[in-house]
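Single-structure report; data block below.
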Amino acid sequence: MESLLDSVPIPVSDFADPTTRALLACDGSTTVLLEAMLRAPVTIDVLEQFEQRAAAIPREPRCALELSGVDRVLVRHSVLLAPGGRPVSWNRAVVVATAANPLYPLCFDRTRPLGPAMAAADVSHRRRVLSTGQHRRPGGGPGPAAGKCYLICTDGTPRLHLTEVYSPELFPPHLAVRRSVPST
């Protein structure tokens, strides 16, 4: 699942599909938006979850979370599923592993996506999209998938770095064809 960070940065406006653009531009709960788009609830399958030193994670999340190499993080790889088990998104969460982080204990509930868990716990937070683009499709399927990376902060402090890669069957990653304007 480390390949979720392998991406080509592309602005939201360059994606052809309006549903894909809406998903990439969203700075609120992705789970709520996915459920509205699918008109069905999604469930989570936590594939793996482990703690490690921040020195072992890629530079992008380490810098975004303002961590030193000795800080501890919890890494959570999951997939959101539509009814019937169809993958909707693959996710990689890197959470600062400290008692001061109100998001950290929420990760131990492996039955709920983090967004709904934060809402249920009434955790005040702010999300900031860091990048959007085309990512390598998890599982090695053909072609790219659309995805984004964002940061979740509480009390102005970065607490969680999340990479989401969306099913290309549901959210086409194709780019819009740009027409050049003839010069006069």
Side-chain angles (χ1 to χ4, degrees), residues 1-15 20-34 42 44 46-80 88-110 112-136 138 145-166 171 173:
M1 293 278 298
E2 294 298 319
S3 67
L4 287 186
L5 289 177
D6 295 338
S7 68
V8 175
I10 299 170
V12 172
S13 60
D14 285 2
F15 286 85
T20 302
R21 286 194 310 269
L23 190 56
L24 293 172
C26 175
D27 63 357
S29 173
T30 304
T31 304
V32 169
L33 182 57
L34 287 169
V42 298
I44 188 169
V46 177
L47 304 173
E48 64 179 338
Q49 182 168 299
F50 53 89
E51 286 194 25
Q52 64 185 39
R53 288 184 182 256
I57 64 172
R59 184 179 188 283
E60 179 186 330
R62 189 174 62 243
C63 290
L65 291 168
E66 302 172 359
L67 299 172
S68 73
V70 297
D71 290 321
R72 302 280 306 163
V73 295
L74 181 124
V75 178
R76 175 176 167 152
H77 293 140
S78 64
V79 60
L80 293 183
V88 176
S89 72
W90 294 268
N91 311 294
R92 181 180 192 271
V94 178
V95 184
V96 178
T98 66
N101 181 358
L103 305 181
Y104 176 64
L106 301 179
C107 295
F108 295 97
D109 177 353
R110 296 169 73 124
R112 278 197 286 203
L114 292 173
M118 287 188 296
D122 199 25
V123 175
S124 179
H125 64 281
R126 185 177 61 83
R127 299 170 193 239
R128 181 169 47 101
V129 176
L130 300 173
S131 65
T132 59
Q134 288 181 332
H135 294 248
R136 212 179 316 162
K148 69 180 173 184
C149 295
Y150 61 93
L151 195 60
I152 297 180
C153 300
T154 64
D155 297 322
T157 303
R159 304 288 190 177
L160 186 149
H161 182 278
L162 190 57
T163 302
E164 298 174 337
V165 178
Y166 308 108
F171 306 102

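Remember, it's a predicted structure, so these values are computed and weren't measured experimentally.
Nearest heavy atoms, Pro58 versus Arg92: CD-NH2, 3.5 Å. When all heavy atoms of Ala54 and Arg62 are compared, the pair lying nearest together is O-CD, 3.4 Å. Across all non-hydrogen atoms, the minimal contact from Val129 to Tyr150 is CA-CB, 3.6 Å. Here the closest heavy-atom approach between residue Gly133 and residue Phe15 is recorded as O-CZ, 3.6 Å. Closest approach of Lys148 to Thr132, counting heavy atoms only: CB-CG2, 3.9 Å. In plain terms, the two heavy atoms of Ala22 and Leu33 that are nearest each other are O-CD2, 3.9 Å.
Checked by atom type, the side-chain pair Gln134/Ser7 shows no donor-acceptor distance below 3.5 Å. Looking only at atom types and distance, the side chain of Asp155 has no donor-acceptor partner in the side chain of Thr157 under 3.5 Å away.
Heavy atoms of other residues, nucleotides or ligands lying less than 6.0 angstrom from CZ of Arg53 number 12 at most.
To the nearest 0.5 angstrom, Leu24 atom CG is 10.0 Å from Cys26 atom SG. Here the straight-line distance linking atom SG of Cys149 with atom NE2 of His161 works out to 4.5 Å at 0.5 Å rounding. Expressed to the nearest 0.5 Å, how far CG of Leu160 lies from OG1 of Thr154 amounts to 10.0 Å. In this structure, CG in Leu74 is found 9.0 Å from CD in Gln52, a value given to the nearest 0.5 Å. Here the OG1 atom belonging to Thr31 is positioned 7.5 Å from the CD1 atom belonging to Ile44, to the nearest 0.5 angstrom. Of the inter-residue distances, the one linking Tyr166 atom OH with Thr20 atom OG1 reads 10.0 Å to the nearest 0.5 angstrom.
Side-chain contact between Leu114 and Arg76: present, with at least one pair of heavy atoms (C-beta onward) separated by less than 4.5 Å. Taking the side chain as every heavy atom from C-beta outward, Asn91 and Val79 never approach each other to under 4.5 Å. By the 4.5 Å heavy-atom criterion applied to side chains, Ile152 and Arg126 are not counted as neighbours. Between Ser78 and Leu47, the closest side-chain pair of non-hydrogen atoms is not below 4.5 Å. The side-chain heavy atoms of Gln49 and His77, taken from C-beta on, include no pair separated by under 4.5 Å.
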Per-pair distances, 0.1 Å, donor-acceptor, side chain in residues 95-107, under 3.5 Å, sequence neighbours excluded:
residue, atom, partner, partner atom, Å
Thr98, OG1, Asn101, N, 3.4
Asn101, OD1, Leu103, N, 2.9
Asn101, ND2, Val96, O, 2.8
Asn101, ND2, Arg159, O, 3.4
Tyr104, OH, Glu51, OE2, 2.3

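Arg112 pairs by the salt bridge (Lys or Arg N to Asp or Glu O under 4.0 Å) definition with Asp109, not counting sequence neighbours. For Asp27, the salt bridge (Lys or Arg N to Asp or Glu O under 4.0 Å) criterion is met by no residue, not counting sequence neighbours.
Of the possible polar contacts, one joining the Asp71 side chain to the Ser68 backbone as a donor-acceptor pair under 3.5 Å is found.
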task = Take Met118 and Arg127 through the side chain to side chain contact (heavy atoms under 4.5 Å, CB included) test and state the conclusion after the steps.
result = CA-CA 12 Å; Met118 287 188 296; Arg127 299 170 193 239; 3.3 Å; yes
